[in-house]
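Please read the structure below before turning to the comments.
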Amino acid sequence: MKNVKLSLILGIVFGFFVKAQEISLFNGIDLEGWNIHGTELWYVEDGHLVCESSPQEEYGYLVTQEHYQDFVLNLEFKQESKSANNSGVFVRSTIEGVRISGWQVEVAPKGLHTGGIYESYGRGWLIKPKPQLEEALKENQWNTLKIKVVGDQITTWLNGTEMIQLTDEKIGQGKGSIALQIHDGGGIKIRWRNIKLKPIIS
């Protein structure tokens, strides 16, 4: 009987451990696990995930096929265009065509609120980083972005600097995918790599 109980406990612990393991959302080879929405360009080059404006210069999204609720997401990005770099990472998002509902962690040129939270087709800006924190962005270099989403709370870090903390009831009710965005207007090219997610099991 003791062995049965021990096996059961170990099974539960092992199951929790497996579920809580970090997941690589990008395999460095292709776009497996993602869906493209819109006409903008998403492709793999030199092991990096690249988003680039197409001649149509419209909004575009790359959306995970799986939904993720509570998690810590770590990734790296590098902005390659000189002037226009507006992009972002959506959490708990749903999409039809190129109309997305959810919450965007901004990825933009310096001074344009990378790490802030924007609600598309809703309330707009919910929170922006303090002006002095904008200096955390490294222009024309690889940057690390960390996003923690638990219940109604979201926290972001850019290159190890905490950018924002937000508690929001509507975010707490949200469900959906993770999505990378390329803004309309053209002239944008951004590289992404090491996109890894660790579920938070309550």
Side-chain angles (χ1 to χ4, degrees), residues 25-26 40-42 48-53 57-63 68 70-93 98 100-172 174 177-198:
L25 299 184
F26 171 55
E40 304 310 283
L41 306 178
W42 300 89
H48 304 149
L49 173 58
V50 183
C51 64
E52 187 173 5
S53 297
E57 300 182 353
E58 297 176 346
Y59 281 101
Y61 299 91
L62 189 68
V63 183
Y68 300 98
D70 292 347
F71 56 82
V72 175
L73 176 67
N74 288 280
L75 58 81
E76 296 176 79
F77 67 88
K78 182 180 181 182
Q79 302 165 319
E80 291 205 333
S81 52
K82 292 183 179 180
S83 57
N85 281 312
N86 196 295
S87 182
V89 181
F90 278 80
V91 300
R92 296 182 182 171
S93 62
V98 291
I100 194 166
S101 297
W103 296 273
Q104 178 189 20
V105 178
E106 187 76 5
V107 172
K110 186 173 286 188
L112 295 179
H113 322 311
T114 294
I117 307 298
Y118 187 89
E119 184 180 272
S120 292
Y121 302 106
R123 295 169 290 172
W125 281 106
L126 301 184
I127 186 171
K128 299 176 182 179
K130 295 178 180 178
Q132 63 269 27
L133 299 180
E134 303 273 0
E135 294 301 315
L137 181 70
K138 300 175 183 178
E139 297 179 302
N140 304 312
Q141 299 180 53
W142 284 103
N143 292 268
T144 61
L145 180 64
K146 178 180 177 181
I147 303 167
K148 184 177 181 180
V149 184
V150 182
D152 61 359
Q153 297 182 333
I154 182 167
T155 309
T156 69
W157 294 262
L158 179 63
N159 296 319
T161 298
E162 185 177 296
M163 303 301 282
I164 62 92
Q165 280 189 355
L166 176 67
T167 300
D168 184 83
E169 183 179 356
K170 191 174 178 181
I171 292 178
S177 302
I178 290 168
L180 305 180
Q181 182 214 57
I182 184 168
H183 206 277
D184 68 350
I188 300 171
K189 185 176 182 181
I190 299 178
R191 292 181 179 267
W192 311 82
R193 68 182 183 186
N194 297 326
I195 306 172
K196 298 181 179 181
L197 179 144
K198 187 171 184 178

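For the single chain, residues carry numbers from 1 onward in sequence order.
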Residue among T114, I195, T144, V89 satisfying side chain to side chain contact (heavy atoms under 4.5 Å, CB included) with F77
T114
Assign the ring pair Y68 / F71 to parallel, tilted or perpendicular, where the plane angle (0 to 90°) is split at 30° and 60°.
perpendicular
Closest heavy-atom pair, S87 versus W192, reported as atoms and distance to 0.1 Å, is OG-CZ2, 3.3 Å
Hey, what do you get for CZ (R193) to CZ (F26), rounding to the nearest 0.5 Å?
11.0 Å
Non-hydrogen side-chain atoms of E106 and L112 separated by less than 4.5 Å:
no
Look at the rings of Y118 and W125 and say which category their plane angle falls in: under 30° parallel, 30 to 60° tilted, over 60° perpendicular.
perpendicular
On a heavy-atom basis, which atom in M163 and which in A136 lie closest, and how many Å separate them?
SD-CB, 4.3 Å
Is there a side-chain contact between W42 and I182 in this structure, where contact means two heavy atoms from C-beta onward sitting under 4.5 Å apart?
yes
Say you draw a straight line from CG of D168 to CD of E119; how long is it, rounded to the nearest 0.5 Å?
7.0 Å
Flag, side chain of E134 to backbone of H113, donor-acceptor distance under 3.5 Å:
yes
Nearest atoms (heavy-atom pairs only) where S93 meets A179:
OG-CB, 3.9 Å
Rounding to 0.5 Å, atoms CD (E162) and CG (L133) come to a distance of 9.0 Å
Kindly indicate whether the side chain of L73, heavy atoms from C-beta on, has any atom under 4.5 Å from the side chain of L197.
yes
Could you check if a side-chain atom of E57 sits within less than 4.5 angstrom of a side-chain atom of D184, using non-hydrogen atoms only?
no
Run the side chain to side chain contact (heavy atoms under 4.5 Å, CB included) test on H48 and K78 for me, step by step, so that the C-alpha distance in whole Å, both residues' side-chain angles and the decisive distance to 0.1 Å come before the verdict.
CA-CA 10 Å; H48 304 149; K78 182 180 181 182; over 6 Å; no
Taking atom CG of L62 and atom CD of E40, what is their separation to the nearest 0.5 Å?
12.5 Å
Which heavy-atom pair separates S120 from F90 by the least distance, and what is that distance?
OG-CZ, 3.3 Å
Can you spot which of K148, R92, Q153 makes a side chain to side chain donor-acceptor pair (under 3.5 Å) with D70?
R92
In this structure, are over 12 heavy atoms from other groups packed under 6.0 Å from E169 atom CD?
no
Decide side chain to side chain contact (heavy atoms under 4.5 Å, CB included) for D152 and I171; before the verdict, give the C-alpha distance in whole Å, the side-chain angles of both, and the deciding distance to 0.1 Å.
CA-CA 5 Å; D152 61 359; I171 292 178; 5.6 Å; no
NZ (K110) with more than 12 external heavy atoms under 6.0 Å
yes
So, taking the atom named OG in S177 and the one named OH in Y61, what distance separates them when rounded to the nearest 0.5 Å?
13.5 Å
N143 side chain to L137 main-chain N or O, any donor-acceptor pair under 3.5 Å?
no
Assess whether side chain to side chain contact (heavy atoms under 4.5 Å, CB included) is satisfied between E135 and T161, documenting all intermediate values.
CA-CA 10 Å; E135 294 301 315; T161 298; over 6 Å; no
Sub-4.5 Å side-chain heavy-atom contact between I164 and T155:
no
Counting C-beta onward and ignoring hydrogens, is there a side-chain heavy-atom pair between L49 and L180 closer than 4.5 Å?
yes
Would a 4.5 Å heavy-atom cut-off, applied to side chains only, mark I127 and I154 as touching?
no
Answer yes or no: is there a side-chain heavy-atom contact under 4.5 Å between K189 and S53?
no
Kindly give the heavy-atom pair with the smallest separation between Y121 and V98, and that separation in Å.
OH-O, 4.1 Å
Could you grab the distance from atom CG of L166 to atom OG1 of T156, nearest 0.5 Å is fine?
9.5 Å
Side chain to side chain contact (heavy atoms under 4.5 Å, CB included) between V50 and I190, intermediate numbers included:
CA-CA 6 Å; V50 183; I190 299 178; over 6 Å; no
